[in-house]
There are 2 protein chains.
Amino acid sequence: MFSKACEYAIKACIFVAKSSMQNNRVTPKQIAEEINSPVAFTAKIMQELVKSDLVDSYRGAYGGFEIDKAKIDQISLSKIVKVIDGEKLYDGCGLGLDVCNENHPCPVHYQYKTIREDLKQLLDSTNLKQLALGIENGLSYLKT
Amino acid sequence: MFSKACEYAIKACIFVAKSSMQNNRVTPKQIAEEINSPVAFTAKIMQELVKSDLVDSYRGAYGGFEIDKAKIDQISLSKIVKVIDGEKLYDGCGLGLDVCNENHPCPVHYQYKTIREDLKQLLDSTNLKQLALGIENGLSYLKT
DNA sequence: TTTAAATAAGATAAATATATCCGAATTAAA
DNA sequence: TTTAATTCGGATATATTTATCTTATTTAAA
Ligand code: SF4
Ligand code: SF4
């Protein structure tokens, strides 16, 4: 479904969001510890998220990553997925045809279409605030 | 969604099924031509499908691949996907937690669960006969 | 029995995804 | 101004996926 990098990105964002709601910046080391991921790889992914303006970073002592509190409920899963995995889950073909439209459908088009629509809907309508609250309330977990 | 190998496998099976319905065996070269895939890689994938008993192969002159006509509507997409990509799409976690169940859900569990159920349902209920007929009737295409 | 056409199998290569390492730049505080 | 903590960027390493090549084996028909 998602690439490993994207899984890490989603979990990292949830943790950074939760921390930011508590006014704490976090380091790659803390993130990796919290989501059970390789530190350096996670740091690389954070850089992409920063470049794409989903996360803010501050260098130097007492620095780290944070997300503007006012933006936390504006960041949907789809924004994160698009930054890391691109658009293919979003509008790619179930069977990877180059040309992919209603007039030239692949064999699974009719079955797959509604599922892709539902997935889009899910990714668009789920934001970091909801997910961070889920973690805070013990309804869900970032690692085993 | 699916790996490249799995996309080729699905398309190849559809083409073999369609050909078998017309009593024609097909070679890897014909398959690759028809689904726009690399010949040798496609041949490797066909071997896995044969080993898993989804496809029959016949060596030597006038040989090739075919699917028992009586079995074509018994082969669901889920069987093919499981052979090539394994169970992870089927029961893996949206965010790749090692432990994945209702009591210890990942953050997207509640949103993702129904989509995964729908996808399962789709893969289980769609069989090669339906898909092959779709191609035959010009309702869908195997390549661009 | 010979030949040509075909799959099977194993080795190898190329491309991509995942992961690590290190030095440079930045910054707040002592 | 020095130090320690931090991100940034580039280089490198490893693993996995995708793709190719080469040889052996099988088989139907001539
Ligand atoms: S399912 Fe439909 S939209 Fe998706 S690739 Fe196939 S034809 Fe294109
Ligand atoms: S979505 Fe649910 S079932 Fe899937 S990995 Fe997450 S917790 Fe597990």
Side-chain angles (χ1 to χ4, degrees), chain A residues 1-12 16 19-20 23-33 35-67 81 83-86 88-89 92 95-96 98, chain B residues 1-13 16 19-20 23-33 35-67 81 83-86 88-89 92 95-96:
Chain A
M1 176 68 71
F2 305 120
S3 70
K4 224 85 178 102
C6 192
E7 291 180 1
Y8 297 152
I10 292 171
K11 293 187 210 176
V16 175
S19 302
S20 296
N23 298 304
N24 291 321
R25 286 179 187 160
V26 292
T27 66
K29 196 180 162 195
Q30 289 175 299
I31 297 172
E33 164 66 23
I35 72 175
N36 195 32
S37 66
V39 183
F41 190 46
T42 306
K44 273 280 146 63
I45 294 163
M46 294 312 296
Q47 284 180 37
E48 288 189 67
L49 295 170
V50 169
K51 257 192 260 173
S52 307
D53 258 334
L54 296 184
V55 174
D56 299 317
S57 69
Y58 298 87
R59 289 184 166 196
Y62 293 78
F65 298 95
E66 66 176 47
I67 300 177
V81 171
V83 164
I84 306 296
D85 280 351
K88 70 180 183 301
L89 190 64
L95 291 183
D98 303 329
Chain B
M1 176 69 68
F2 306 120
S3 69
K4 222 84 178 107
C6 192
E7 291 180 1
Y8 296 152
I10 293 171
K11 293 187 211 176
C13 281
V16 175
S19 301
S20 296
N23 297 306
N24 291 322
R25 287 180 186 160
V26 291
T27 66
K29 195 180 162 195
Q30 289 175 301
I31 296 171
E33 164 66 22
I35 72 175
N36 196 31
S37 65
V39 182
F41 190 46
T42 306
K44 273 280 145 61
I45 293 163
M46 293 312 295
Q47 284 180 37
E48 289 190 65
L49 294 170
V50 168
K51 258 193 259 174
S52 306
D53 259 334
L54 296 184
V55 173
D56 299 318
S57 69
Y58 298 88
R59 289 185 168 197
Y62 293 77
F65 298 95
E66 67 176 46
I67 301 177
V81 171
V83 164
I84 306 296
D85 280 351
K88 69 178 185 304
L89 190 64
L95 291 182

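Here is the naming used below: chain letters follow the sequence lines, and residue numbers restart at 1 for every chain. Worth saying up front: this structure is predicted, and the values here are computed from it rather than measured.
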Separation of atom [atom1] in [X] from atom [atom2] in [N], rounded to whole Å:
X       : N      : atom1 : atom2 : result
A:Ile31 : D:dT7  : CD1   : C1'   : 11 Å
A:Ile84 : C:dT18 : CD1   : P     : 11 Å
A:Asp56 : C:dT26 : CG    : P     : 18 Å
B:Tyr8  : D:dT17 : OH    : P     : 15 Å
B:Arg25 : D:dT27 : CZ    : C1'   : 10 Å
B:Asp85 : D:dT16 : CG    : P     : 15 Å
A:Ile35 : C:dA19 : CD1   : P     : 11 Å

Close residues, residues 39-53 of chain A, relative to DNA chain D [heavy-atom separation under 4.0 Å]:
A:Lys44, A:Gln47, A:Val50
Between A:Asp56 and A:Ile67, is any pair of side-chain heavy atoms under 4.5 Å apart?
no
Worked verdict on A:Val81 versus A:Ile10 for side chain to side chain contact (heavy atoms under 4.5 Å, CB included)
CA-CA 8 Å; A:Val81 171; A:Ile10 292 171; 4.2 Å; yes
What are the two closest heavy atoms between A:Pro38 and A:Ala32, and how far apart are they?
C-CB, 4.3 Å
Minimum-distance pair of heavy atoms, taken over all atoms of A:Phe2 and A:Asp85
CA-OD2, 3.6 Å
[X] has a side chain; which of [options] sits nearest to it?
X       : options                : result
A:Thr27 : D:dT18, C:dT20, D:dT6  : D:dT6
A:Tyr62 : D:dC8, C:dA29, D:dA19  : C:dA29
B:Ala61 : D:dT18, C:dA8, C:dA4   : C:dA4
B:Phe65 : C:dA8, D:dT7, D:dA19   : C:dA8
A:Pro28 : D:dT27, C:dT7, D:dT7   : D:dT7
B:Arg59 : D:dT25, C:dA28, C:dA19 : D:dT25

Would one find a side-chain N or O of B:Tyr58 under 4.0 angstrom from OP1 or OP2 of C:dA5?
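Indeed not, no polar side-chain atom of B:Tyr58 lies that close.
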Base, sugar-phosphate alone, or nothing: which one does A:Val26 contact when heavy atoms must sit under 4.0 Å apart?
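A:Val26: backbone/sugar contact only, no base atoms under 4.0 Å.
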Say you draw a straight line from OG of B:Ser57 to CE of B:Met46; how long is it, rounded to the nearest 0.5 Å?
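Spacing of OG (B:Ser57) from CE (B:Met46) equals 8.5 Å.
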Distance col, row B:Asp53:CG vs B:Lys51:NZ, nearest 0.5 angstrom, shows 12.0 Å
Within 45° cone and under 6.0 Å: A:Arg25 NZ/CZ vs A:Tyr62 ring
no
